[in-house]
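Report on the following structure.
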Amino acid sequence: MSETTSLFPTAELASVDTDIRQRIEAVQEKAGFVPAIFLALAHRPDEFRAFFAYHDTLMERPGNLTVGEKEMIVVATSGLNQCLYCVVAHGAILRIREKNPLIADQLATNYRKAEITARQRTMLDYAVKVSQSSHELTINDHQPLLEAGFNQDDIWTIGAIAAFFAMSNRLANMSSLRPNSEFYSMGR
């Protein structure tokens, strides 16, 4: 893999604000490396803080979606948005969360053919519509989700994750952000 991780400058860990450095070091300790997105966003500290505050609010929020289902949304929509960084990075997280070495590749390629439950497929149908054609959404799009056992709060969460990662996909694509090589073998 190329040494260049982004078309834009990235931060040096030693030079970032203390709160950001502490967060990055905690991730590094847990993962064994610093994911490229952290240093790319740390170059713009206010955006780093805002990005990860909303990321954490969505992805760590308790509710009826499992952590694996939230990652399914990220991987399926990121695949459609052709975001190499998010497919590879969140694909690794998904494989680990679901203890399934195949699921991320299936979802990133064609979620409709993936080995998932009907409930999860309904969830992804909605997430994909939010990501790809949100202007076409109507209240009628909620009915299949309600029938699958999701409530209004769940529907918001599904849509918010899809919308947030659509933005994240665009930032990663705009900057040509490259995934860390460590992600490729995780959870395999």
Side-chain angles (χ1 to χ4, degrees), residues 35-37 40-41 50-179 183-184 186-188:
I37 188 70
L41 289 174
F51 180 93
F52 283 108
Y54 196 44
H55 172 278
D56 294 351
T57 297
L58 292 172
M59 300 303 281
E60 297 173 7
R61 183 179 190 280
N64 295 322
L65 275 70
T66 68
V67 291
E69 288 172 333
K70 291 175 181 181
E71 293 296 338
M72 287 178 186
I73 294 166
V74 178
V75 173
T77 59
S78 295
L80 290 167
N81 286 325
Q82 300 180 49
C83 182
L84 176 65
Y85 187 88
C86 291
V87 166
V88 173
H90 287 275
I93 297 167
L94 175 58
R95 289 190 299 271
I96 291 166
R97 298 240 192 255
E98 291 294 305
K99 298 174 180 50
N100 180 341
L102 308 178
I103 190 68
D105 295 334
Q106 292 176 357
L107 291 175
T109 304
N110 185 348
Y111 78 93
R112 291 173 189 90
K113 305 249 185 233
E115 296 172 32
I116 57 176
T117 67
R119 176 183 180 273
Q120 291 165 339
R121 188 164 286 102
T122 299
M123 172 189 75
L124 293 179
D125 286 340
Y126 186 76
V128 164
K129 193 164 186 180
V130 170
S131 174
Q132 302 296 300
S133 54
S134 61
H135 60 283
E136 296 176 3
L137 285 167
T138 70
I139 192 68
N140 296 332
D141 292 297
H142 292 196
Q143 194 56 41
L145 291 159
L146 295 168
E147 290 170 5
F150 294 104
N151 61 37
Q152 286 292 317
D153 194 52
D154 301 330
I155 295 169
W156 179 275
T157 299
I158 294 164
I161 292 170
F164 176 80
F165 278 94
M167 182 268 304
S168 179
N169 297 159
R170 284 153 180 80
L171 286 173
N173 281 333
M174 174 211 49
S175 64
S176 293
L177 189 63
R178 302 286 304 225
F183 282 125
Y184 288 93
M186 292 171 64
R188 299 267 187 200

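In this chain, residues are counted from 1 in sequence order.
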| task | Could you note down all residue pairs passing salt bridge (charged side-chain N to carboxylate O under 4.0 Å, His left out) where residues 58-71 supplies at least one of them, sequence neighbours left out? | result | Arg61-Asp153, Glu69-Arg119
| said: With heavy-atom distances below 4.5 Å as the criterion, would you say the side chains of Ile116 and Leu107 are in contact? | reply: yes
| Mind checking whether Leu65 and Phe150 have side chains closer than 4.5 Å, heavy atoms only? | yes
| remark: Those residues at least two apart in sequence (or on a different chain) that pass salt bridge (charged side-chain N to carboxylate O under 4.0 Å, His left out) with Arg188 are Asp105
| Is it true that the side chains of Ser131 and Asn81 contain a donor and an acceptor less than 3.5 Å apart? | yes
Can you tell me how far apart [atom1] ([X]) and [atom2] ([Y]) are? Round to the nearest 0.5 Å.
| X | Y | atom1 | atom2 | result |
| --- | --- | --- | --- | --- |
| Thr109 | Leu80 | OG1 | CG | 10.0 Å |
| Thr77 | Tyr111 | OG1 | OH | 10.5 Å |
| Thr66 | Met72 | OG1 | CE | 6.0 Å |
| Ile155 | Asn64 | CD1 | CG | 11.0 Å |
| Ser133 | His135 | OG | NE2 | 5.5 Å |
| Gln120 | Met123 | CD | CE | 5.5 Å |

Non-hydrogen atoms of [X] and [Y] that approach each other most closely:
| X | Y | value |
| --- | --- | --- |
| Leu145 | Asp141 | CD1-O, 3.9 Å |
| Asn169 | Ser78 | ND2-OG, 2.9 Å |
| Ala108 | Val87 | CB-CG1, 3.7 Å |
| Val130 | Ala163 | CG1-N, 4.0 Å |
| Leu177 | Ala40 | CD1-CB, 3.9 Å |
| Leu124 | Ala76 | CD2-CB, 4.1 Å |

| query | Should the pair His55 and Phe51 be assigned to parallel (<30°), tilted (30 to 60°) or perpendicular (>60°) ring geometry? | reply | parallel
| message | Suppose we screen for side-chain contact (heavy atoms from CB on, under 4.5 Å). Which residues come up paired with Glu115, at least two apart in sequence or across chains? | response | Gln106
| said: Keeping Arg121 on the side-chain end and Arg112 on the backbone end, is there a donor-acceptor pair under 3.5 Å? | reply: yes
| Side-chain donor or acceptor of Ser175 paired with backbone N/O of Leu171 under 3.5 Å | yes
| task | Apply the side chain to side chain contact (heavy atoms under 4.5 Å, CB included) test between His90 and each candidate in Phe165, Phe183, Tyr85; give the one that qualifies. | result | Phe165
| query | Under 6.0 Å between ring centres, would you say that holds for His142 and Tyr126? | reply | yes
| Taking everything shown except Gln132 itself, do over 12 heavy atoms lie less than 6.0 Å from its CD? | yes
